[in-house]
Chemist: 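Submitted below is the structure of interest, expressed as structure tokens.
Keep in mind that what you see is a predicted model, and the values were worked out from it rather than measured.
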Amino acid sequence: MAAAILRAALRRSRPAAAALLHHRPLPSSRSLPPLPSLGSAGFVYSTVADESTAPVKPKGKARKNPMKQSRFDFTKVDAALLPTVILVGRPNVGKSALFNRFIRRREALVYNTPGDHVTRDIREGVAKLGDLRFRVLDSAGLETAATSGSILARTADMTGNVLARSQFAIFLIDVRDGLQPLDLEVGQWLRRHASGIHTIVAMNKSESLDEHGVLTAAAGEAHRLGFGDPVAISAETGLGMAELYETLRPLFEDYMFQLTNNGLNQDDPTSEAETEAHEGDESKLPLQLAIVGRPNVGKSTLLNTLLQEQRVLVGPEAGLTRDSIRTQFQFDNRTVYLVDTAGWMERSGKEKGPASLSVMQSRKNLMRAHIVALVLDGEKIAKSKSSMNHPEVLIARQAIEEGRGLVVIVNKMDLLRENRPLFDKVIDAVPKEIQTVIPQVTGIPVVFMSALEGRGRIAVMRQVIDTYEKWCLRLSTSRLNRWLRKVMSRHSWKDSATQPKVKYFTQVKARPPTFVAFMSGKVQLSDTDIRFLTKSLKEDFDIGGIPIRVVQRSIPRKETVKSNSRNTGPRINTRMRTDKRTTVCEPTTS
């Protein structure tokens, strides 16, 4: 009965409950509510003995979880089947910041440049919002009054082309600036180009406008766009993500149920089977390819050529690419991740704004790549006396030092086709100069192509995959030791007495191939011997063009205990009685 009284008081927020909990006397001015009588109404009151059957609430502070769980498990859906959301809006409203929050990484460049555009290309990623998973596209800022043929007009055309493969759009506005005329123009542009796409208006940068009714007035003003109720968010602080989740969840669920009704399976058995089949073969795993080089050598054109679509913005302007664009495609049943980096420039300390961020981002992507494709300008090589400038030499040496595979691509060879002697001169001079400036790696592959015409696309990808397979090569220890005996016998040693004694030779890792020579004597391998072994590995196993590491380790000699007794019995007894902390043992006598 006391338990029922306590629960009734808690529901009615009476101070009697607190008094009962803390064993304090009740105030005389207030009394407990009368209990209803047991009768035909059929009320049943639990006693203290019945408390064990009641659900027990966990102690401690309740965890805040405003997001409801979705009825659909998006984590088991193939990325190609996930719903696609594109972020649109005028420049500098926080599209890239929201993109970074969705993918939970700082990939897109974010910089406050009211008079300039930081994002120029379409960036793609897999977003995570609660238990929702969807593909998100970060687009460039839209300006409807851009001059035809300008960078802004080309980015708007690219955004319009991407809308065809999007199902939803988040239209961002800056709530601190209010509804601008350009926002209304972007809304009209969306109605013309994305009439079949469900659009959600998000009022960004609303973290400081939650007082004095300013946010309510801004929401009423955002209704003029004609896309329904807006959602107040802050991409920088994460405010309003729960409300955005509640808006997107039913839309995504309906979209996925329509896919399942149309006969598409949400699971991806093909990718799971490929992953299980390729677990032991590292060369079949997804390939990370970074395209690097100086500005305006054709890196973005090469990316579009490999993808066979206009994925990134191209043009005659130098430094057009700012973000490092990462995209995925299939080549010969192999997954390849392409990264188009910004033009690699010498850091003079004078870079400011997005230019300095682009340089740092390019260097980070170089470290993450498996294979580095260094793009050179064939026309500039023909006009100059050298094939590689100082920044390009730095890129190649840094890639080799980091253990990455390197493929050199000489672009714009279509401009030299009419001058055949100059064309042949470039083809002959580039491999020789590369071997001169990077002597530590022999046989670096060089591919000559024209990215604008698409000639040489297949040759580039085949050379990249061949280099990647060499980079992932693993050799058995028995095969290496048989090779070692043959190699050591044909090497010319100065003195057989001082010849290093390699007990065995093994590979400890791949990507890049790393080998260890275990030495049994006091004589170590010299730098000349290590270079000889490295060169022999490349020639005998056909793994030239990639960095190979050979290290040596000494095997410690075991200390033997000398004994004058020839009888094995006392020797065994001596070992059994020997303490590990003592070094002198007394032999037993008969």
Side-chain angles (χ1 to χ4, degrees), residues 96 99-100 103 105-111 117-125 138 140 151 155 158 286-307 310-329 336-348 351 353-377 380 388-412 447 449 451 460-461 464 467-468:
S96 297
F99 176 86
N100 289 338
I103 66 172
R105 296 188 305 274
R106 290 187 176 271
E107 280 195 3
L109 293 182
V110 178
Y111 201 83
H117 295 246
V118 178
T119 303
R120 292 175 176 174
D121 298 303
I122 303 295
R123 179 183 287 274
E124 183 176 351
D138 182 22
I151 295 178
T155 56
M158 187 180 300
L287 164 63
Q288 306 274 354
L289 175 62
I291 303 176
V292 298
R294 289 177 59 84
N296 207 24
V297 294
K299 300 182 298 297
S300 299
T301 307
L302 175 60
L303 179 71
N304 290 337
T305 301
L306 296 177
L307 296 178
Q310 294 296 321
R311 183 65 175 77
V312 293
L313 188 66
V314 295
E317 300 88 353
L320 195 60
T321 302
R322 285 180 174 174
D323 270 311
S324 293
I325 304 301
R326 186 174 185 265
T327 185
Q328 174 185 351
F329 80 109
V336 180
Y337 292 99
L338 276 175
V339 180
D340 178 26
T341 61
W344 194 290
M345 300 176 294
E346 297 185 61
R347 298 194 63 180
S348 59
E351 300 91 352
S356 60
L357 298 178
S358 298
V359 173
M360 292 187 293
Q361 195 179 59
S362 298
R363 282 166 168 78
K364 289 181 180 179
N365 283 282
L366 178 64
M367 302 301 109
R368 299 173 183 171
H370 299 153
I371 305 298
V372 176
L374 176 59
V375 184
L376 306 179
D377 190 340
K380 291 185 178 179
M388 302 175 65
N389 296 326
H390 181 64
E392 295 164 340
V393 174
L394 290 180
I395 296 173
R397 289 179 178 175
Q398 187 172 358
I400 296 299
E401 290 174 359
E402 293 294 333
R404 305 296 183 255
L406 180 64
V407 176
V408 178
I409 301 173
V410 183
N411 192 21
K412 303 183 181 181
V447 183
M449 68 168 304
V460 168
M461 287 309 304
V464 166
T467 304
Y468 180 67

Chemist: How about Met461 and Val336: do any of their side-chain heavy atoms sit closer than 4.5 Å?
Modeler: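 Met461 reaches Val336 side chain to side chain.
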Chemist: Kindly say whether Ala451 contributes a backbone atom to a donor-acceptor pair with the side chain of Thr305 at under 3.5 angstrom?
Modeler: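 Here the side-chain-to-backbone pair exists.
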Chemist: Within the distance-only criterion (no hydrogens, no angle test), does the side chain of Arg106 pair as donor or acceptor with the backbone N or O of Asn100 below 3.5 angstrom?
Modeler: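 Answer holds: no.
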Chemist: Would you sort out whether Thr327 and Leu303 count as a side chain to side chain contact (heavy atoms under 4.5 Å, CB included), showing the intermediate values?
Modeler: CA-CA 9 Å; Thr327 185; Leu303 179 71; 4.0 Å; yes
Chemist: Going by heavy atoms in the side chains, are Met367 and Gln398 under 4.5 Å from each other?
Modeler: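 Side-chain contact under 4.5 Å: yes.
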Chemist: Is any side-chain heavy atom of Leu406 less than 4.5 Å from a side-chain heavy atom of Leu374?
Modeler: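 The answer is yes, as the side chains (C-beta and beyond) meet within the 4.5 Å cut-off.
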Chemist: Find the distance between CD (Gln328) and CG (Leu307) and round it off to the nearest 0.5 Å.
Modeler: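 The CG atom of Leu307 is 10.5 Å from CD of Gln328, to the nearest 0.5 Å.
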Chemist: Does Leu289 reach the side chain of Val339, with side-chain heavy atoms less than 4.5 Å apart?
Modeler: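 A side-chain contact is absent here, since even the closest heavy-atom pair is not under 4.5 Å.
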Chemist: Please confirm whether the backbone N or O of Ile291 pairs with a side-chain atom of Thr341, one donor and one acceptor, at under 3.5 Å?
Modeler: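 Checking the backbone N and O of Ile291 against the side chain of Thr341, a donor-acceptor pair under 3.5 Å is found.
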Chemist: What closest approach, in Å, do Ser96 and Asp138 show between heavy atoms, and which atom pair accounts for it?
Modeler: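 Residues Ser96 and Asp138, closest heavy atoms: OG-OD2, 2.8 Å.
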Chemist: For Phe329 versus Leu306, what's the shortest heavy-atom pair and its separation?
Modeler: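 Smallest interatomic distance, heavy atoms only, reads CE1-O, 3.9 Å.
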Chemist: Would you say Val447 and Val408 make side-chain contact, with heavy atoms under 4.5 Å?
Modeler: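 They are not in side-chain contact.
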Chemist: Do Ile371 and Arg404 come close enough that some side-chain heavy atom pair is under 4.5 Å?
Modeler: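 They are not in side-chain contact.
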Chemist: May I ask you to test the Val460-Met449 pair for a side-chain heavy-atom distance under 4.5 Å?
Modeler: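 Counting from C-beta outward, Val460 and Met449 do come under 4.5 Å.
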Chemist: Between Glu402 and Ala399 (side chain of the first, backbone of the second, donor and acceptor by atom type, cut-off under 3.5 Å), is there such a pair?
Modeler: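 Side chain of Glu402 to backbone of Ala399: no pair is present.
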Chemist: Are any of the side-chain heavy atoms of Val407 and Val372 separated by less than 4.5 Å?
Modeler: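 Contact flag for Val407/Val372 side chains = no.
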Chemist: Do the side chain of Asn304 and the main chain of Val312 share a donor and acceptor less than 3.5 angstrom apart?
Modeler: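 Here the side-chain-to-backbone pair exists.
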Chemist: Donor-acceptor pair, distance only, cut-off 3.5 Å: does the side chain of Asn411 make one with the backbone of Val297?
Modeler: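 Pair found, side chain donor or acceptor close to backbone of Val297.
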Chemist: Can you list the residues that meet the side-chain contact (heavy atoms from CB on, under 4.5 Å) rule with Gln288, with sequence neighbours excluded?
Modeler: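 Once residues adjacent in sequence are excluded, the partners of Gln288 under the side-chain contact (heavy atoms from CB on, under 4.5 Å) criterion are Arg326, Tyr337, His370.
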Chemist: Are Lys412 and Asp377 within salt-bridge range, i.e. N to O under 4.0 Å?
Modeler: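 Salt bridge present between Lys412 and Asp377.
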Chemist: Between atom CD1 of Ile395 and atom CD of Glu392, what is the distance when rounded to the nearest 0.5 Å?
Modeler: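 Here the rounded value is 6.5 Å.
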Chemist: So, Arg294 side chain and Leu376 main chain: donor-acceptor pair closer than 3.5 Å or not?
Modeler: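 Flag not set: sc Arg294 to bb Leu376 has no pair under 3.5 Å.
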Chemist: Between Met388 and Ala396, what is the shortest heavy-atom contact and its length?
Modeler: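 Taking every non-hydrogen atom into account, CE-CB, 4.0 Å.
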